[in-house]
Amino acid sequence: MTPDRAAGLAESARALAGGEVTSRELVEQALARIEAARPTLNAFRLVRAEAALAEAEAADRELAAGVRRPLLGVPVAVKDDMDVAGEPTAFGCRGEFPPAAADAEAVRRLRAAGVVIIGKTNTCELGQWPFTEGPAFGETRNPWHTGHTPGGSSGGSAAAVAAGLVPAALGSDGAGSVRIPASWTHLVGIKPQRGRISTWPRGEAFHGITVNGTLARTVADAALLLDAAGGNHPRDPHRPPALTVSQAVGRAPGRLRIALSLKPPFTAVRARLLPEVRARVLELAEQLAAAGHIVEEADPPYGQIGLTFVPRATAGIADYVREAPDLALLDPRTRGAARLGRLLGGAPLRAARRAEAVLHRRIGAFFDSYDVLLTPTTAAPPPAIGALSGLGGLATDRAMIAACPYAWPWNVLGWPGVNVPAGFVGEGLPVGAQLLGPAASEPLLVSLAAQLEAELRWHERWPPVAEPDARVV
């Protein structure tokens, strides 16, 4: 294990259980890495240095006494939309937020698994955009090329894991907010089935389109964190049957029928898949075919699915805006989205929710013919810092849809998806591809992703040491 970069989640847990390292040592090393990377990456909104060290010492006492829990003593980060007791939850906003009275359910479950919560990572304002920038905290940068964004809205979590500051992190995904930054930072990002990881105290975050997910360098670590955080609060409205997803890692997926879809779902804004991204996704499809799978081009019957997304997303923003300490401190784009959400929060929102059952039947029938859907995660590589953050509302929406048209339908459906690294384009900028499936398909998707990882070994490649305008070497 090297102090310069975090060891993997499973590796750290094994070393701790074997007495090769202490939790305090791992936490001290992580704190040093976070502080050293702060001027270049700015991944963390809040670092719990004193509290994390105390938690590490408590974990070491448990380890010395023979206690064993899945991730006892391992430092992990969580996104700053999740409550950590005693810490504010700002969710990318300016203003004074009170300390949370209790842990969010996902955080509580991580603690039960033994995790040390080392800090809360940066996210754009209310998680709306595929970049992680704002006046509340500045700019979070991509460790592969610090002139570019790591994506969003879980950009801080992605930057922290990709740079090796922590072995893994939780994020949340309401329109691709785990998968997009995972693709743009060369990570595995799992968006699980709705309800797999609780979003409590918000039983239906953004009216059911947002779920919590995991980011890690390997499929095994992403699945391990998913299992540790997974489970439900007694009052959760969505409670899928329990799964142990990490058991699928290393399990042969069998010969699968895989649909390759390069066509973006219908949106009001034209989206074009850039040729260099298309080439990387096609290479991944060829790798799957070489592994024995049947891969053919086919597009899911999305129809007008976008009409069901906008009311849920904007009404969700309106919900959060009502809780903001000072409306004047919010981005004008946020206030505009909240106004739209208040307009759509009645009959249009109810209609959008009713349409989900129809979409499940129609798109579910697609999986009578195919086991897995493969699509690009984004249509373009990560934009430059500042390219989207200074735009007006309509211009931001247009740029966001053009760059990221592929991820959001699976948020409407509530079904699982996994981003896998697909390689690099241009000046060494990472891009990814999605493996998508129907309800409760996490084990199959994880099994297939692990098969790809075993061949492509993407986790063996690290970004350069973070320096201004650094490029991958």
Side-chain angles (χ1 to χ4, degrees), residues 2 4-6 8 33-34 36-44 77 121-124 129-133 138-169 171 176-189 215-219 221-222 274 276-277 279-281 283-284 376-389 403-404 407 419-434 453 456-473:
T2 170
D4 298 331
R5 287 169 171 158
R33 290 190 297 264
I34 291 166
R38 183 184 55 78
T40 47
L41 298 184
N42 185 30
F44 281 81
T121 56
N122 279 327
T123 173
C124 59
W129 306 304
F131 55 85
T132 303
E133 304 167 43
E139 300 160 344
T140 297
R141 294 175 177 268
N142 195 318
W144 291 94
H145 190 319
T146 56
H148 289 253
T149 182
S153 61
S154 305
S157 288
V161 176
L165 309 186
V166 291
S177 286
V178 163
R179 290 162 289 156
I180 290 166
S183 73
W184 283 348
T185 57
H186 197 64
L187 295 177
V188 176
L215 297 109
R217 293 181 53 79
T218 67
V219 176
D221 281 355
L274 295 187
E276 57 268 37
V277 180
R280 298 293 84 76
V281 177
E283 288 169 3
L284 209 62
T377 303
T378 67
I385 291 289
L388 280 70
S389 62
C404 304
N419 175 80
V420 294
F424 298 84
V425 300
E427 298 178 289
L429 296 170
V431 294
Q434 298 181 102
E453 181 179 84
L456 299 177
R457 312 293 297 175
W458 54 61
H459 55 286
E460 295 177 353
R461 191 167 182 179
W462 287 88
V465 176
E467 296 175 356
D469 297 321
R471 289 167 171 77
V472 64
V473 293

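- Expressed to the nearest 0.5 Å, how far SG of Cys404 lies from CZ of Phe131 amounts to 10.5 Å.
- Test Pro381, Pro463, Pro383, Pro382 against Asn142 for side-chain contact (heavy atoms from CB on, under 4.5 Å) and you get one pass: Pro382.
- Taking OG1 of Thr149 as the start and CD of Glu133 as the end, the distance is 5.5 Å to the nearest 0.5 Å.
- Arg217 places a side-chain N or O within donor-acceptor distance of the main-chain N or O of Arg461, the cut-off being under 3.5 Å.
- No side-chain donor-acceptor contact under 3.5 Å links Ser153 to the backbone of Cys124.
- Distance alone, capped at 3.5 Å, places no donor-acceptor pair between the Gln434 side chain and the Asn419 backbone.
- Looking at every heavy atom in both residues, Leu165 comes nearest to Ala37 through CD2-CB, 3.9 Å.
- The two residues Val277 and Ala380 make their nearest non-hydrogen contact at CG2-CA, 3.9 Å.
- A heavy-atom distance below 4.5 Å is found between the side chains of Leu41 and Thr146.
- For the pair Gly428 and Trp144, the tightest heavy-atom approach, listed with the atom from each and the gap, is O-CB, 4.3 Å.
- The minimum heavy-atom distance linking Leu388 with Pro130 is given by the pair CD2-CG, 4.3 Å.
- Remark: side-chain polar atoms of Glu283 are not paired, donor with acceptor, to backbone N or O of Ala422 under 3.5 angstrom.
- Between the side chain of Ser183 and the backbone N or O of Val431, no donor-acceptor pair lies under 3.5 Å.
- Rounded to the nearest 0.5 angstrom, Trp458 CH2 and Leu187 CG are separated by 11.0 Å.
- At least one donor-acceptor pair under 3.5 Å links the side chain of Glu453 to the backbone N or O of Val219.
- Rounded to the nearest 0.5 angstrom, Arg280 CZ and Thr377 OG1 are separated by 14.5 Å.
- With contacts defined as side-chain heavy-atom distances shorter than 4.5 Å, the pair Arg457/His459 qualifies.
- Residues Pro181 and Gly176 come closest through the heavy atom pair CD-O, 3.7 Å.
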Below 3.5 Å, can you tabulate the donor-acceptor pairs from side chains in residues 155-162 to any protein atom, sequence neighbours excluded?
unit_1 : atom_1 : unit_2 : atom_2 : d
Ser157 : OG     : Thr121 : OG1    : 2.7
Ser157 : OG     : Leu170 : O      : 2.9

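- Classified by interplanar angle (parallel below 30°, tilted 30° to 60°, perpendicular above 60°), the ring pair His145/His148 is perpendicular.
- One distance of note links OG1 of Thr185 with CG of Leu215; it measures 7.0 Å at 0.5 Å rounding.
- A heavy-atom distance below 4.5 Å is found between the side chains of Thr378 and Trp184.
- Between Thr132 and Gly151, the shortest heavy-atom contact is OG1-O, 2.7 Å.
- The closest donor-acceptor contact from the side chain of Thr140 to the backbone of Asn42 lies under 3.5 Å.
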